[in-house]
Number of protein chains: 2
Amino acid sequence: MTDFTSHLTGPLPPAHPQGFAVAKRISASTIRRLSFYLRSLERLRARGATTVSSEQLAEDGGTTGAQVRKDLSQFGSFGKRGTGYDVGALSEHLRGILGLHRRWRVLLVGAGRIGAALFEYPNFSQRGYDCVAIVDNDPDKVGRRWGTIPIQSADRMECIIEAEDIDLVILAVPGEVAQSVAERAVSAGALGLMNFAPTQLRRPATDVPVAEVNLVMELEALSFAIMRGGRPA
Amino acid sequence: MTDFTSHLTGPLPPAHPQGFAVAKRISASTIRRLSFYLRSLERLRARGATTVSSEQLAEDGGTTGAQVRKDLSQFGSFGKRGTGYDVGALSEHLRGILGLHRRWRVLLVGAGRIGAALFEYPNFSQRGYDCVAIVDNDPDKVGRRWGTIPIQSADRMECIIEAEDIDLVILAVPGEVAQSVAERAVSAGALGLMNFAPTQLRRPATDVPVAEVNLVMELEALSFAIMRGGRPA
DNA sequence: TCCTGTGAAACGGTTCACAGCC
DNA sequence: GGCTGTGAACCGTTTCACAGGA
């Protein structure tokens with residue numbers, strides 16, 4: 001199984017201001033897998049399972065028991081030898097690690113098709129990500145509402161980020177403006193960005209994590225994979 | 001710079017049927033970078049540059065000259081010592097490597113919000129990915145048209161894949177049905193899948209590459225990164 | 001001199017194997 | 001006996017450093 005890599009370009013190592021033991025660097029792949037384990041656990045819980053072994057958790061994630069144990073061991077000892085992990089307790093631990101014990105306030109920049117799709121995406125609010133504001137630079141769109149949320153002028157972005165206490169900014173804008181919107185968002189105090197423009201952002205001076213969702217790159221990797229060694233036909 | 005990984009789970013190593021020298025395995029990160037270099041080259045070309053050094057190419061991609069040279073050297077020797085790479089020639093090489101010298105026929109499964117956003121996404125057809133058919137299982141949608149493309153019944157998927165000679169299938173469907181749609185698409189002859197459902201697909205028996213675009217996972221990785229070592233506030 | 005192409009070293013993530021606890 | 005937690009071995013990727021051609 002090949003695993004093509006991506007996307008989330010994050011901040012430099014934690015470098016704690018005080019001389020505390022610097023938290024061990026956690027690899028990107030570990031985080032993705034944690035997110036996956038959490039989903040598996042939730043399915044298990046729904047089915048009434050109360051306990052699960054590392055091997056079972058690995059099962060439909062395409063990984064191994066050893067990997068699951070290594071991943072989890074970076075955050076603590078959550079299992080019982082001879083028994084496995086408690087489904088409910090482990091879920092809660094993972095939710096805490098992934099930051100799902102709080103809700104996140106999201107600003108959507110760009111009220112086009114992609115913006116609309118994301119705004120309606122039910123999994124976001126289920127998981128604690130609330131779109132609390134929308135901006136667009138098209139005067140025809142400004143003033144309309146999506147549900148209860150008004151579309152405001154993109155000029156007001158900085159002020160909205162501060163007033164609404166925005167954590168995350170989703171960039172659903174054309175590639176040409178993505179970089180400048182990103183920089184404005186970061187200076188106004190955004191803690192993280194998710195970029196759908198097909199332009200990889202150059203890191204703004206203030207280093208915040210950026211999740212790059214580059215659909216074209218994804219398709220190119222797909223056609224590459226098909227051409228070499230993919231199904232002969 | 002952290003680089004969170006993802007997404008494209010591909011076929012097993014090439015294993016050429018004849019006993020040819022098996023093509024060297026190319027890492028997923030290399031492919032992503034190639035895709036990125038291509039975009040940089042196109043910008044350079046638009047600006048009239050005719051030659052570029054590995055260091056310059058690395059510049060706004062957050063990587064190094066050495067990495068660029070290693071990546072490219074896996075496919076051949078495209079540069080001139082003392083000079084650098086010819087912008088036009090290297091672009092063409094990369095386009096060939098990434099499979100952009102042909103067009104790809106795409107079936108969109110799911111005519112909801114996400115489907116609509118992808119259908120309209122201009123970068124797809126610019127890059128050679130043509131959405132030539134749409135299916136949905138909602139009878140209200142079947143029969144409508146998006147541009148010139150009619151939305152057909154999801155029952156007809158297999159038959160469309162064969163008749164329309166579909167290469168890639170984009171799954172913009174709810175998580176619960178993603179797995180079964182994926183399996184049907186693969187048995188009908190799809191060469192690759194792109195999955196937007198927040199469910200990681202278990203590999204169907206017939207192994208085809210799958211690009212997983214898991215937006216929730218992306219957000220979770222983002223909030224994780226913010227919580228550790230992200231901006232203090 | 002400048003910049004590529006590439007072996008060799010360094011690094012980091014995954015797998016292995018087993019000691020330790022239930 | 002079963003399963004976790006973890007040091008050690010392994011392996012792939014990135015970085016280094018330099019030989020060699022324009």
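Not measured: the values here are computed from a predicted model. Side-chain atoms are counted along with the backbone in the values below, which use heavy atoms only and exclude waters and symmetry mates. The sequence lines fix the lettering, A, B, ..., with proteins before strands; numbering per chain opens at 1.
Using the six-membered ring where Trp is involved, Y129(B) and W104(B) have ring planes that are parallel, under 30° apart on the 30 and 60° scheme.
Taking atom CG of D71(B) as the reference point, atom P of dT6(C) lies 13 Å away to the nearest angstrom. Look at CD on E55(A): it is 12 Å from P on dT15(C), rounded to the nearest Å. In this structure, R33(B) atom CZ and dT15(D) atom C1' are separated by 12 Å, rounded to whole Å. Remark: C1' of dG5(D) and CG of L72(A) are 10 Å apart, rounded to the nearest angstrom. At whole-Å resolution of the value, CD1 in I26(A) and C1' in dT14(C) are 15 Å apart. The CG-C1' distance, from L57(B) to dC3(C), rounds to 13 Å in whole Å. Taking atom CD of residue Q74(B) and atom P of nucleotide dG12(D), one finds them 13 Å apart after rounding to whole Å. One interatomic measurement links the two molecules: CZ of F75(B) to P of dG5(C), which rounds to 14 Å at whole-angstrom precision.
Contact annotation: S54(A) reaches the phosphate of dT4(D) (side-chain N/O to OP1 or OP2, under 4.0 Å). In this model, the phosphate group of dT15(D) is approached by a side-chain N or O of Q67(B) to a distance below 4.0 Å at OP1 or OP2. For dT14(C), the OP1/OP2 oxygens have no side-chain nitrogen or oxygen of T64(A) closer than 4.0 Å. Using a 4.0 Å cut-off, no side-chain N or O of R25(A) falls inside it from OP1 or OP2 of dG13(C).
The distance from atom CG of D71(B) to atom CD1 of I26(B), rounded to the nearest 0.5 Å, is 9.0 Å.
The number of heavy-atom neighbours closer than 6.0 Å to CZ of R102(B), taken from other residues, nucleotides and ligands shown, is above 12.
Checked by atom type and distance alone, the side chain of S40(A) pairs as donor or acceptor with a backbone atom of F36(A) at under 3.5 Å. Distance alone, capped at 3.5 Å, is enough to place a donor-acceptor pair between the S223(A) side chain and the L98(B) backbone.
When all heavy atoms are compared, the tightest approach of T64(A) to A58(A) is C-CB, 3.3 Å.
By the 4.5 Å heavy-atom criterion applied to side chains, T30(B) and R33(B) are counted as neighbours.
For S27(B), the side-chain atoms get nearest to dT13(D) when compared with the rest of dT6(C), dT13(D), dG13(C).
The stretch residues 77-85 of chain B touches DNA chain C through S77(B), F78(B), G79(B), K80(B), R81(B), G82(B), T83(B), G84(B), Y85(B), each having a heavy atom within less than 4.0 Å of the strand.
The base of dT13(D) has none of its N or O atoms less than 3.5 Å from a complementary donor or acceptor on the side chain of K70(B).
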